[in-house]
Amino acid sequence: MESVRVDTWLWAVRLVKTRPEAAAGCRGGHVRVNGRPAKPSTVVVPGDEVRFRVAGTTRVVEVTDTIRKRVGAAVAATCMIDRTPKPPPEVVVPVAKRERGAGRPTKRERRVLDQFRGQ
């Protein structure tokens with residue numbers, strides 16, 4: 001069973017664009033391995049769970065294969081199992097629209113719009 005550094009693995013499976021970016025994420029506390037904060041030199045082995053916060057979302061992946069070199073996207077997908085939970089559905093708020101060229105709303109229309117908006 002081979003082990004590899006977590007920053008190298010994150011870069012190799014294409015979760016980050018550069019290895020220094022992965023190392024900075026580790027130093028910033030954005031990477032956890034098996035629930036513990038990870039330094040860039042933390043080793044990962046198959047079966048480990050890696051949590052990585054990127055762009056406001058937390059990716060949860062399980063290591064299935066350890067690789068050191070960056071590979072194609074199809075091969076990288078086989079080296080991990082993505083267990084990231086689905087984001088909650090977005091709430092769509094209706095927006096009042098007026099016809100183009102209709103001018104400013106009248107006082108009566110403004111009252112109706114304010115009622116619609118809950119003001």
Side-chain angles (χ1 to χ4, degrees):
M1 179 164 50
E2 187 176 334
S3 61
V4 65
R5 290 172 54 118
V6 70
D7 61 339
T8 304
W9 186 82
L10 287 170
W11 168 75
V13 297
R14 298 175 169 262
L15 289 176
V16 292
K17 287 190 176 195
T18 64
R19 187 163 162 234
E21 186 180 330
C26 291
R27 283 192 298 275
H30 301 289
V31 179
R32 292 182 162 270
V33 176
N34 295 328
R36 294 192 183 127
K39 294 181 182 178
S41 62
T42 302
V43 295
V44 293
V45 294
D48 284 349
E49 178 190 72
V50 178
R51 290 179 179 264
F52 182 68
R53 190 172 45 212
V54 58
T57 61
T58 302
R59 299 278 311 265
V60 180
V61 294
E62 181 182 334
V63 180
T64 57
D65 190 18
T66 54
I67 55 174
R68 294 180 191 278
K69 298 290 181 181
R70 195 165 173 100
V71 294
V75 178
T78 65
C79 296
M80 63 180 173
I81 299 171
D82 194 357
R83 300 198 190 284
T84 306
K86 295 189 189 267
E90 294 183 18
V91 178
V92 179
V93 178
V95 178
K97 298 266 184 174
R98 292 181 49 83
E99 293 84 30
R100 189 171 173 88
R104 292 182 60 182
T106 64
K107 189 171 188 175
R108 181 172 182 258
E109 289 173 335
R110 282 197 310 268
R111 286 185 187 134
V112 171
L113 284 172
D114 287 343
Q115 274 184 333
F116 179 71
R117 291 182 185 145
Q119 295 178 349

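These figures come from a predicted structure and were not determined experimentally.
Val45 and Phe52 are members of different hydrophobic clusters when ILVMFWY side chains are connected at heavy-atom separations under 4.5 Å. No path of Ile, Leu, Val, Met, Phe, Trp and Tyr side chains, each step under 4.5 Å between heavy atoms, connects Trp9 with Val60, placing them in separate hydrophobic clusters.
Taking OG1 of Thr78 as the reference point, atom CD1 of Ile67 lies at 7.5 Å (rounded to 0.5 Å). Summarising the geometry, atom CE belonging to Met80 is positioned 12.0 Å from atom CG belonging to Asp65; distances are rounded to the nearest 0.5 Å. Taking CG of Asp7 as the reference point, atom CZ of Arg19 lies at 4.5 Å (rounded to 0.5 Å).
A donor-acceptor pair under 3.5 Å links the side-chain atoms of Arg70 to the main chain of Trp11, judged by distance alone. Judged by distance alone, with hydrogens and angles left aside, the side-chain atoms of Thr66 form a donor-acceptor pair with the main-chain N or O of Glu2 at under 3.5 Å. Distance alone, capped at 3.5 Å, is enough to place a donor-acceptor pair between the Arg14 side chain and the Val71 backbone.
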Name every donor-acceptor pair, under 3.5 Å, that has one atom in a side chain of residues 24-34 and the other anywhere in the protein, sequence neighbours excluded.
from	atom 1	to	atom 2	distance (Å)
His30	ND1	Arg53	NE	3.1
His30	ND1	Arg53	NH2	2.8
Arg32	NH1	Gly35	O	2.7
Asn34	OD1	Glu49	N	2.9
Asn34	ND2	Asp48	OD1	3.0

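Residues satisfying the salt bridge (charged side-chain N to carboxylate O under 4.0 Å, His left out) criterion with Arg111, sequence neighbours excluded, are absent altogether. Partners of Thr64 by side chain to side chain contact (heavy atoms under 4.5 Å, CB included), not counting sequence neighbours, listed by chain and number: Ile81. Remark: Val43 engages Ser3 in a side chain to side chain contact (heavy atoms under 4.5 Å, CB included) (not counting sequence neighbours). In terms of the side chain to side chain contact (heavy atoms under 4.5 Å, CB included) criterion, residue partners of Lys17 (sequence neighbours excluded) are, by chain and number, Glu21.
Nearest approach of Ala76 to Ala12, heavy atoms of both residues: CB-O, 4.3 Å. In terms of heavy-atom proximity, Arg104 sits nearest to Glu109 at O-OE1, 4.4 Å. Across every non-hydrogen atom of Ala23 and Pro40, the tightest pair is O-CG, 3.7 Å.
Through direct or indirect side-chain contacts shorter than 4.5 Å among Ile, Leu, Val, Met, Phe, Trp and Tyr, Val112 is connected to no other residue.
Counting heavy atoms from C-beta outward, Val54 and Val16 have side chains that stay 4.5 Å or more apart.
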